[in-house]
Amino acid sequence: MTKSRDLPGLKSTLSRRSVLVGIAGALAMPALLPSRAFAATPGSNPGKYKIDLGGYTGPELTGSPITLKIMRQEFPPEVNAVLQAQYDAFSAAYPNITIQEERVPYGDLPTKVQVYVTSGSAPDIMMGRNDFASAYAAGQLTLPLQQFLSADFIDDVYAPLRESATIDGNLVCLPWETNPVYMSFNRDIFDKFGIKTPPEVGEFDGGWTVEEYMQCFDDVTKALRAAGDTQTFALAASGYGNGGPGSNYTQLESIWVRMMGDPNAAKDSSVYNTFMGVSEDGFTASGYVNTPEAAAGLANYQAVFKNGYTPTGVVPDQFRGGAAAVSFSGTGTVKRFLKTGQPFNFGMSPAPKGTIAYTTTVADSPTIYSGTPYPAETAALLAFICNDANRFAFHDAWGSMPVRKTLVDAIPEYASDQRLLLGTNVADHAFGPPKSVGWFDYFSAINPAVKDIALGTDPQTRLNDVATQIDGLLAKYK
């Protein structure tokens, strides 16, 4: 999907020997799920199955009657139809395997996962997200996927997503699509006022600095207001998460902060800590969330609201509706505009640069439930859905960018259209979110802090407060 939306916090109770995971701040799990391992059968014949199972390398599937259950988000009818056709093809090859699907609104996914996992009987495949991989691993909620998938298939996934979904050498979820974040702009608005557009380049680090973007926002805002236009804004309201400020720190607001850091700085420096976002062990936010550089980054973020460059609330589809000059977005915007007809001339440019060129990529990522009684069959179904032909069909219908490089390389427009070529370069150089077993808690605490800062709270003071809060939330994981 074009933008990953907000997942409510996962509250957990941990000791060093056990993880009791609860999702959406509801119930807590009564016990730790047992660790399970299912190695592929030696001598299995990848590519010799009854149907193209993609990267699957496990044994041939059972001939006994079984039912596999999938829970995922709701898509538009045309996308649902693509997935249903894939299930039908799988069941035609393996008529003994029945597939049952449950589709729920995206925001309800974590609550449904919580209920199922607590009951001890969850769907075999459940939709997750790569930024929560550490929590999945700590709770032993998912099976390591490298047991079932070829190394070539896994290595084909864009490195930032693959690495963020890998914990202690285990791929705990499979990134479903690529969501590189960069900038779209309405060329018509810029041309109307004779304002210079952001650079249209193919390299992730070839864009404007944050200072240049702030000047651009100021120029556009002044021109709009001088023309009597009070409804159009320089920067579109966030459509990530639930929309508006503080909507999705992982995928959007962290850009303003982590660009002010540097992963190549001295490891005892605040610049390095700003980029990291959390201590190496994942248990400490103080000195990482609230560095002077982080406060400076969020001061810039605050200024776009204070100066009226962007709305202070939720404005759905503001950029697509032509009521904003610039928006944080990505390849999904390009693909959908090209497919449905673009309402105005638009271009794409890299995200703002701070100390470094920084952007992030987050993906919906199916998981295999660790309690599934059919690990091989479940892995085979997931691999089938993710084979080349099925991924092409899905991405054509949905408009998102494939997660595997070979698929992207096979689509000519990703090399010929600068707006999409930039997306491939961003996907290759984006950074994963900080890794912490308590990322659910961290995520839930930082979002409202960012919103408070956007609406006027002193950045350093609020970051100090939330750093202390996150430290307390993470303490139970030690």
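Closest non-hydrogen pair, Pro402 versus Thr178, comes out as O-OG1, 2.6 Å. Here the shortest heavy-atom pairing between Ile470 and Ala285 reads CG2-CB, 3.6 Å. Between Thr361 and Leu161, the closest heavy-atom pair is O-CD2, 3.7 Å. The minimum heavy-atom distance between Tyr288 and Ser279, with the atom names listed, is CZ-CA, 3.5 Å. Considering all non-hydrogen atoms of both residues, Tyr358 and Met259 come closest at CB-CA, 3.7 Å. Looking at every heavy atom in both residues, Phe319 comes nearest to Ser184 through CE2-OG, 3.4 Å.
The distance from the CD1 atom of Ile99 to the CZ atom of Phe90 is 5.5 Å, given to the nearest 0.5 Å. To the nearest 0.5 Å, atoms OG (Ser349) and CG (Leu422) are separated by 7.0 Å. Note that CG of Leu420 is 7.0 Å distant from OG1 of Thr331, once rounded to the nearest 0.5 Å. One distance of note links OG of Ser329 with CE of Met183; it measures 7.5 Å at 0.5 Å rounding. Taking CG of Asn248 as the start and OG1 of Thr360 as the end, the distance is 9.0 Å to the nearest 0.5 Å. To the nearest 0.5 Å, atom CG of residue Asn387 and atom CZ of residue Phe153 are 8.0 Å apart.
Looking at Ile70 and Asp124, their side chains never come closer than 4.5 Å, going by heavy atoms from C-beta outward. Residues Phe75 and Gln73 form a side-chain contact, since some pair of their non-hydrogen atoms from C-beta on lies under 4.5 Å apart. Taking 4.5 Å as the limit, some side-chain heavy atom of Met71 sits within range of a side-chain heavy atom of Tyr116. Looking at heavy atoms from C-beta onward, Leu298 lies in side-chain contact with Val257 at the 4.5 angstrom threshold.
Classified by interplanar angle (parallel below 30°, tilted 30° to 60°, perpendicular above 60°), the ring pair Phe132/Tyr136 is perpendicular.
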Steps toward side-chain contact (heavy atoms from CB on, under 4.5 Å) verdict (Met401, Asn179): CA-CA 7 Å; Met401 177 177 163; Asn179 292 301; over 6 Å; no
Step-by-step ring-ring contact (aromatic ring centres under 6.0 Å, His included) determination, Tyr442 to Phe283: CA-CA 10 Å; Tyr442 186 127; Phe283 296 144; over 10 Å; no
Chi angles and distances behind the side-chain contact (heavy atoms from CB on, under 4.5 Å) call for Phe394, Ile385: CA-CA 9 Å; Phe394 175 84; Ile385 294 169; over 6 Å; no
Worked verdict on Arg404 versus Asp388 for side-chain contact (heavy atoms from CB on, under 4.5 Å): CA-CA 9 Å; Arg404 289 190 284 124; Asp388 293 2; 2.9 Å; yes
Residue pair Thr406, Asp156: steps toward the side chain to side chain donor-acceptor pair (under 3.5 Å) verdict: CA-CA 7 Å; Thr406 55; Asp156 198 23; 2.5 Å; yes
Stepwise side-chain contact (heavy atoms from CB on, under 4.5 Å) test for Val450 and Tyr301: CA-CA 9 Å; Val450 168; Tyr301 177 75; 3.5 Å; yes
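Looking at Asn242 and Ser247, their side chains never bring a donor and an acceptor atom within 3.5 Å of each other. Using modelled atom types and a 3.5 Å distance limit, the side chains of Thr250 and Asp131 yield a donor-acceptor pair. Under the 3.5 Å distance criterion, with hydrogens and angles disregarded, a donor-acceptor pair is assigned to the side chains of Glu293 and Ser270. Using modelled atom types and a 3.5 Å distance limit, the side chains of Glu253 and Asn447 yield no donor-acceptor pair. For the residue pair Asn290 / Gln460, no side-chain donor-acceptor distance below 3.5 Å is found, with atom types taken as modelled. Residues Asp465 and Gln469 bring no donor and acceptor atom of their side chains to less than 3.5 Å of each other.
For the salt bridge (Lys or Arg N to Asp or Glu O under 4.0 Å) condition, the pairs that include at least one residue of residues 448-459, sequence neighbours left out, are Asp452-Arg462. For residues 217-232, every residue pair satisfying the salt bridge (Lys or Arg N to Asp or Glu O under 4.0 Å) rule, not counting sequence neighbours, is listed here: Asp218-Lys222. Listed by first then second residue, pairs satisfying salt bridge (Lys or Arg N to Asp or Glu O under 4.0 Å) with a partner in residues 425-435 read Lys405-Asp428, not counting sequence neighbours.
Contacts of Glu413 classified as salt bridge (Lys or Arg N to Asp or Glu O under 4.0 Å), with partners at least two apart in sequence or in another chain: Lys335. Remark: Asp88 engages Gln84 in a side chain to side chain donor-acceptor pair (under 3.5 Å) (not counting sequence neighbours). With sequence neighbours left out, Arg419 forms a salt bridge (Lys or Arg N to Asp or Glu O under 4.0 Å) with Asp417. Residues passing the side-chain contact (heavy atoms from CB on, under 4.5 Å) test with Ala165, sequence neighbours excluded: Asn130, Leu171, Cys173, Pro175. In this structure, Glu163 has no side chain to side chain donor-acceptor pair (under 3.5 Å) partners at least two apart in sequence or on a different chain. Scanning for side chain to side chain donor-acceptor pair (under 3.5 Å) contacts around Tyr249 gives an empty result, with sequence neighbours left out. Remark: Val201 engages Pro199, Pro350 in a side-chain contact (heavy atoms from CB on, under 4.5 Å) (not counting sequence neighbours). Looking at residues two or more places apart in sequence or on another chain, you find no salt bridge (Lys or Arg N to Asp or Glu O under 4.0 Å) involving Glu203. When the salt bridge (Lys or Arg N to Asp or Glu O under 4.0 Å) test is applied to Glu101, the partners found at least two apart in sequence or on another chain are Arg72, Arg103.
Centroid-to-centroid, the aromatic rings of Phe346 and Phe190 stay 6.0 Å apart or farther. Here Phe275 and Phe431 bring their ring centres to under 6.0 angstrom of each other. In this structure, Tyr213 has its ring center at least 6.0 angstrom away from the ring center of Phe185. Taking the six-membered ring for Trp and the full ring otherwise, the centers of Phe305 and Tyr309 sit at least 6.0 Å from each other.
Remark: Arg258 is not positioned above the aromatic ring of Tyr272, lacking an NZ or CZ atom under 6.0 angstrom from the ring centre and at most 45 degrees off the axis.
The local environment of CD in Gln231 is sparse, with at most 12 non-hydrogen atoms from other residues, nucleotides or ligands closer than 6.0 Å.
The pair Glu280-Lys267 does not count as a salt bridge, with every side-chain nitrogen at least 4.0 angstrom from each carboxylate oxygen.
The main-chain N or O of Phe337 is never found under 3.5 Å from a side-chain atom of Gln342 such that the two would form a donor-acceptor pair.
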